[in-house]
S.K.: 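My questions will all concern the structure given below.
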Amino acid sequence: MTATKPRIKLPESAKIGDVIEVKTLVTHVMETGHRKDKDGNPIARDIINTFIATFGDKEVFRAELGPGISANPYISFQMRVPGPGTFEFAWIDDSGTKTVELTTLNVI
Amino acid sequence: MAGETRMTVISRRTFIVSAAAGLAMSSALAALLTPHRADAGDASGERSALFDAEFKKLVGTIEPVEGKITVDLPEIAENGNFVPLTITVDSAMTADEYVRKIHLLSTNNPVARVATFHLSPANAVARVQSRMRLSKTQDVVVVAEMSNGALAIATTQVKVTIGGCGS
């Protein structure tokens, strides 16, 4: 599903206790299921329905998405840095495809 | 056709003049005035049955309070396929008091529930950003579920120039 690598934006570095903004963007059509093709046949729904962010094996954020989220879903959230670690971001779509991206946070 | 033209002219005169024109004329005028009012008025006030059902399911018997949620949405969205939004909930985000969930609802999209965001004290600040679709001018309703079970609500109207197709 995702030809393009998801994009993650973290601060260049962070200290323990800092509150950081985590920005994520994944390429996905987010087909609503309400549209028709040029022959009038309905186009099946295909959206990312779940986004999960874990940091050092602990879930820090989760989102359930509906067809009302724009194509190429952008999601950002905040997190207090508990220590050094790596984010695992996972996007799951209607066809069951799971896209996973790992990003290490530079804790100084 | 000619009669209609004449009525339009009359409608531009003072109300007293049109009232004096009699019962038949005033009902014709009312018919003329109704679409005019719809043009100028709050088209977003209407809420789909789907939204009502989803909202009822969400809040149950709890009365959500206003004032704890800040929603940044454009007043006018030129492209309904792509409406940026930022939701901030006023909360200490400690183990004792935090925001558990933020529900994003549209009052007039084909699907009312746009997203649900799950938070915890790990977030420290209850702020999320995303981009949503809006099929037409409508209210966007955000409901936040607090750790103590209380609910907060915020309603924001967005005027949509070109609707997000099918959202």
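Convention: sequence-line order gives letters A, B, ...; per-chain numbering from 1. The figures that follow rest on heavy atoms only: side chains count, while hydrogens, waters and symmetry mates do not. Only a predicted model underlies this, so the values are computations on that prediction, with no experimental measurement involved.
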S.K.: With the 4.5 Å side-chain cut-off for hydrophobic clustering, are A:Ile48 and B:Val83 part of the same group?
M.R.: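 Yes, A:Ile48 connects to B:Val83 through the hydrophobic network.
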
S.K.: Count I, L, V, M, F, W, Y as connected when their side-chain heavy atoms are under 4.5 Å apart, and connections chain through other members. Are A:Met79 and A:Ile8 then in the same cluster?
M.R.: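 Shared cluster, yes.
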
S.K.: Heavy-atom distance under 4.5 Å to chain A: side chain of B:Arg131, backbone, both or neither?
M.R.: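 B:Arg131 touches chain A through backbone and side-chain heavy atoms alike.
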
S.K.: Say whether, by atom type as modelled, one donor and one acceptor occur between the side chain of B:Ser135 and the main chain of B:Asn108 under 3.5 angstrom.
M.R.: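 At least one qualifying donor-acceptor pair exists.
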
S.K.: Sort A:Lys58 into side chain, backbone, both or neither according to what part of it lies under 4.5 angstrom from a heavy atom of chain B.
M.R.: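 Side chain only.
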
S.K.: At a heavy-atom separation under 4.5 Å, does A:Val60 approach chain B through its side chain, its backbone, both, or neither?
M.R.: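 Its backbone and side chain both get close to chain B.
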
S.K.: Same hydrophobic cluster for A:Val100 and A:Ile92, using side-chain heavy-atom links shorter than 4.5 Å among ILVMFWY?
M.R.: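 Different hydrophobic clusters.
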
S.K.: For A:Ile20, is it the side chain, the backbone, both, or neither that has a heavy atom closer than 4.5 Å to a heavy atom of chain B?
M.R.: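 Answer is neither: A:Ile20 stays 4.5 Å or more from chain B.
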
S.K.: Could you tell me whether the side chains of B:Lys159 and B:Gln157 share a donor-acceptor contact shorter than 3.5 Å?
M.R.: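 Short answer, yes.
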
S.K.: With chain A, which of B:Thr116, B:Leu119, B:Val128 has the greatest number of heavy-atom pairs at distances under 4.5 Å?
M.R.: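 If we count pairs closer than 4.5 Å to chain A, B:Thr116 comes out on top.
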
S.K.: Quick one: of B:Ala124, B:Ala112, B:Ala126, B:Ser120, who has the most non-hydrogen atom pairs under 4.5 Å with chain A?
M.R.: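 Between B:Ala124, B:Ala112, B:Ala126, B:Ser120, the count favours B:Ala124.
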
